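All ligand and atom numbering here is 1-based and tracks the order in the structure. In this text, all values refer to a predicted model and were calculated from it rather than measured experimentally.
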Amino acid sequence: MDTRISGTTRLLGLIGDPVRHSASPLMHNFCFNYYGMDCVFLAFSSTLEQTAETLQAARRLNMRGLSVTMPCKREAARLVDRLSPAAELVGAVNTIVNDGGVLTGYITDGLGLVLDLRDHGQEVAGRDLVLLGAGGAAMAILAQCALEGARSVTVLNRSREGLDRAAALGERIAEKGLACRVTCVPLAGGAALRQAVQGAQVLINATSAGMAPAQAGLSPVEDPAALHRDLTVYDVIYNPACTRLMEQARQQGCRLVLGGKGMLLWQASEAFRLFTGKPMPVEALKAYLAQQ
Ligand code: NAP
């Protein structure tokens with residue numbers, strides 16, 4: 001048993017279903033140990049229907065915070081007391097901080113990508129971006145890029161449903177007075193993508209095309225010639241570490257090509273900062289995770 005745990009230890013946890021295979025407990029507990037903090041992070045299976053009861057339990061047990069995964073992200077956003085600007089735009093949370101019974105919800109996925117790009121010397125402010133996909137990850141990225149001051153985001157998605165979701169978020173972004181121009185285009189054939197990418201500096205893949213095991217080897221880009229040399233290509237997929245799209249981008253000589261591991265780490269880092277007020281010891285954590 002962990003000898004740090006005592007009568008004063010503060011509890012934090014991950015909620016959602018499934019949660020058993022999450023790396024969050026390993027990462028957060030490593031960081032608590034690193035700082036000698038009197039905190040412990042556990043995983044709690046919680047279905048959509050149990051979300052309200054689980055949040056009430058977090059208040060009752062004076063838990064410091066929660067990480068939230070599927071299927072609870074949207075329901076939790078509806079139930080917390082306050083929302084960050086990004087969480088309000090998206091209508092979903094992945095992090096909740098409890099300040100004396102007042103729960104504030106945040107969504108850190110989009111910021112994870114922005115911080116990883118910054119770590120590689122790239123800002124989204126003033127840039128024209130192309131975003132592939134309109135699912136949960138894509139919507140968090142779209143909201144954060146708008147908040148960061150991106151000049152435009154062109155969203156390409158396969159289904160009508162996804163395009164409607166992105167267009168609705170684009171309207172909320174405009175209603176908030178954010179200057180980012182959001183355009184939604186069907187992802188069909190190569191022409192739409194080629195045209196969108198032509199004047200863009202950053203291409204982000206937030207679709208599952210390329211993700212192992214079901215879609216390994218696939219790319220959302222049919223014609224790699226569309227990927228010009230001045231383009232930064234960011235694939236949010238972290239398994240595999242190098243996707244087909246990343247291979248295509250490297251072959252085309254794109255200026256910077258990144259996979260999703262950094263986004264995963266930086267979104268967790270932002271959650272840790274919200275929970276504790278301290279920076280996540282990223283380099284020490286990377287070394288620890290490499291040994292696991
Ligand atoms: P999601 O909500 O299910 O959305 C999936 C998106 O991918 C939809 O827009 C869907 O389009 C599109 N899509 C799926 N297969 C496609 C294909 N073969 N061709 C074109 N489009 C396709 O999933 P999500 O939670 O947003 O996750 C998306 C990806 O991001 C996953 O690979 C996930 O692992 C990754 N992710 C990474 C991080 C990170 O920290 N690095 C964080 C979150 C998610 P339709 O609307 O047409 O179905």
Which of the numbered atoms in ligand 1 are below 4.0 angstrom from a heavy atom of [X]?
X      : value
Gly133 : 9 (O)
Ala206 : 28 (C)
Ala134 : 9 (O)
Ile237 : 32 (O)
Ala209 : 17 (C), 18 (N), 19 (N)
Met211 : 31 (C), 32 (O), 33 (C), 34 (O)

- Give the intermediate values and the outcome of side-chain hydrogen bond (donor to acceptor under 3.5 Å, both in side chains) for residues Gln122 and Thr232. CA-CA 9 Å; Gln122 300 278 314; Thr232 290; 3.2 Å; yes

Between [X] and [Y]: side-chain donor-acceptor atoms closer than 3.5 Å:
X      : Y      : result
Glu75  : Thr51  : no
Ser219 : Arg244 : no
Gln251 : Glu247 : no

Nearest neighbour in protein (non-hydrogen) for [atom]:
atom                    : answer
atom 5 (C) of ligand 1  : Ser208 OG, 3.6 Å
atom 2 (O) of ligand 1  : Gly136 N, 3.0 Å
atom 43 (C) of ligand 1 : Ala137 CB, 3.8 Å
atom 46 (O) of ligand 1 : Ser159 OG, 2.7 Å
atom 9 (O) of ligand 1  : Asn157 OD1, 2.7 Å
atom 4 (O) of ligand 1  : Gly135 CA, 3.4 Å
atom 35 (C) of ligand 1 : Val236 CG2, 3.7 Å
atom 17 (C) of ligand 1 : Arg158 NH1, 3.3 Å

- Query: Do you see a protein non-hydrogen atom under 4.0 Å from atom 21 (N) of ligand 1?
  - Reply: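 For atom 21 (N) of ligand 1 the answer is yes, since some protein heavy atom falls inside 4.0 Å.
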
- Carefully, step by step, assess Lys176 and Leu89 under the rule side-chain contact (heavy atoms from CB on, under 4.5 Å). CA-CA 9 Å; Lys176 288 272 174 213; Leu89 276 172; 3.9 Å; yes

- Qualifying ring pair (Phe, Tyr, Trp, His ring centres under 6.0 Å) pairs, either residue in residues 33-86, two or more places apart: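 Qualifying pairs, neighbours excluded: His28-Phe41.
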
Nearest non-hydrogen atom to [atom] belongs to which of [options]?
atom                    : options                        : value
atom 18 (N) of ligand 1 : Gln267, Met70, Gln215, Met263  : Gln215
atom 40 (O) of ligand 1 : Leu132, Leu264, Val221, Leu265 : Leu264
atom 13 (N) of ligand 1 : Thr108, Asn205, Thr207         : Thr207

- Criterion side-chain hydrogen bond (donor to acceptor under 3.5 Å, both in side chains) on Asn157 and Arg165, from CA distance to verdict: CA-CA 10 Å; Asn157 194 65; Arg165 186 164 46 240; over 6 Å; no

- Under 3.5 Å: N/O of Gly162 near N/O of ligand 1: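 In fact, backbone or side chain, Gly162 has no N or O that close.
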
- Side-chain hydrophobic cluster, 4.5 Å single linkage: members besides Val257: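 Listed partners: Met246.
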
